[in-house]
Student: 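Okay, here's the structure, questions in a sec.
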Amino acid sequence: MDSIRAKIKRRLQKFIELDVNGLRSHILSIFLKVKETTVDELHANITEKYDISRSAVASMVGYIYSKLGVLRSHKESYKTPIVYSLKEEYEDMIKSALEAGSSSSGC
């Protein structure tokens, strides 16, 4: 289990390192606050601060879900949107990675 956590931690750190405009960190911090959301809700929240398309938000959430593995998804029925939620066991890892990322970029 620790090897999986170590892999996720490395991927998460790399994901945040490549964050040039703060969008990636912003999305992760939104998930820390709201715990679960849909792509549409997330897009509405992000467009208050960033100019980004819905498909770009969906792509980023899909990447976080599939490559980082810190989200789970749930779909009530085929008519409802997918609800993404943060896996509780990775909350502390995300918080520390965001803090490390913000302290290293704030030179």
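All figures in this text were calculated on a predicted structure; none of them were measured in a lab. For this chain, numbers begin at 1 and follow the sequence in order.
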Student: Got a donor-acceptor contact below 3.5 angstrom from the Lys75 side chain to the Thr80 backbone?
Tutor: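 Judged by distance alone, yes, a pair lies under 3.5 Å.
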
Student: Restricting to non-hydrogen atoms, name the atom on Leu23 and the atom on Tyr50 that form the minimum distance, rounded to 0.1 Å.
Tutor: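 Closest pair (atom of Leu23, atom of Tyr50, distance): N-OH, 3.5 Å.
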
Student: Rounded to the nearest 0.5 Å, what separates atom CD1 in Ile4 from atom CD in Glu89?
Tutor: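 It comes to 10.5 Å.
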
Student: Measure the spacing between CZ of Phe15 and CE of Met60 and express it to the nearest 0.5 Å.
Tutor: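 Here the interatomic distance stands at 5.5 Å.
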
Student: Answer yes or no: is there a side-chain heavy-atom contact under 4.5 Å between Leu28 and Leu12?
Tutor: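 The answer is yes; the side chains approach within 4.5 Å.
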
Student: Return each pair, listed once, that meets side-chain hydrogen bond (donor to acceptor under 3.5 Å, both in side chains) where at least one residue sits in residues 11-21; pairs must be two or more places apart or across chains.
Tutor: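 Residue pairs with at least one partner in residues 11-21: Asp19-Ser25.
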
Student: Does some side-chain heavy atom of Arg5 sit less than 4.5 Å from a side-chain heavy atom of Tyr90?
Tutor: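 Side-chain contact under 4.5 Å: yes.
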
Student: Evaluate Glu41 against Glu36 for side-chain contact (heavy atoms from CB on, under 4.5 Å), listing each step before the verdict.
Tutor: CA-CA 10 Å; Glu41 292 168 348; Glu36 65 176 43; over 6 Å; no

Student: Within a radius of less than 6.0 Å around CG of Asp92, do more than 12 heavy atoms belonging to other residues, nucleotides or ligands occur?
Tutor: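 Atom CG in Asp92 is packed in, count exceeds 12.
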
Student: Just verifying a value: how many Å separate Ile46 CD1 and Ile52 CD1, rounded to the nearest 0.5 Å?
Tutor: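 So the CD1 of Ile46 and the CD1 of Ile52 are separated by 6.0 Å.
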
Student: When hydrophobic residues are tied together by side-chain contacts of less than 4.5 Å, even through go-betweens, does Ile30 share a cluster with Val83?
Tutor: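 Looking at the clustering, Val83 is in a separate group from Ile30.
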
Student: Using modelled atom types and a 3.5 Å cut-off, is there a donor and acceptor pairing between side-chain atoms of Thr47 and backbone atoms of His43?
Tutor: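 At least one qualifying donor-acceptor pair exists.
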
Student: Name every donor-acceptor pair, under 3.5 Å, that has one atom in a side chain of residues 64-72 and the other anywhere in the protein, sequence neighbours excluded.
Tutor:
from, atom 1, to, atom 2, distance (Å)
Tyr65, OH, Ser73, OG, 3.3
Ser66, OG, Gly62, O, 2.9

Student: If the condition is side chain to side chain contact (heavy atoms under 4.5 Å, CB included), which residues does Ala58 pass it with, not counting sequence neighbours?
Tutor: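 Counting only residues at least two positions away or on another chain, Ala58 forms a side chain to side chain contact (heavy atoms under 4.5 Å, CB included) with Val39, Arg54.
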
Student: To the nearest 0.5 angstrom, please state how far the CD1 atom of Ile8 sits from the CD1 atom of Ile94.
Tutor: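 Going from CD1 on Ile8 over to CD1 on Ile94, the span is 9.5 Å.
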
Student: Walk me through it: do Leu98 and Leu32 pass the test side-chain contact (heavy atoms from CB on, under 4.5 Å)?
Tutor: CA-CA 11 Å; Leu98 286 174; Leu32 283 172; 3.7 Å; yes

Student: State the CD1-CG distance between Ile27 and Leu42, to the nearest 0.5 angstrom.
Tutor: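 Taking CD1 in Ile27 and CG in Leu42, the distance rounds to 5.5 Å.
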
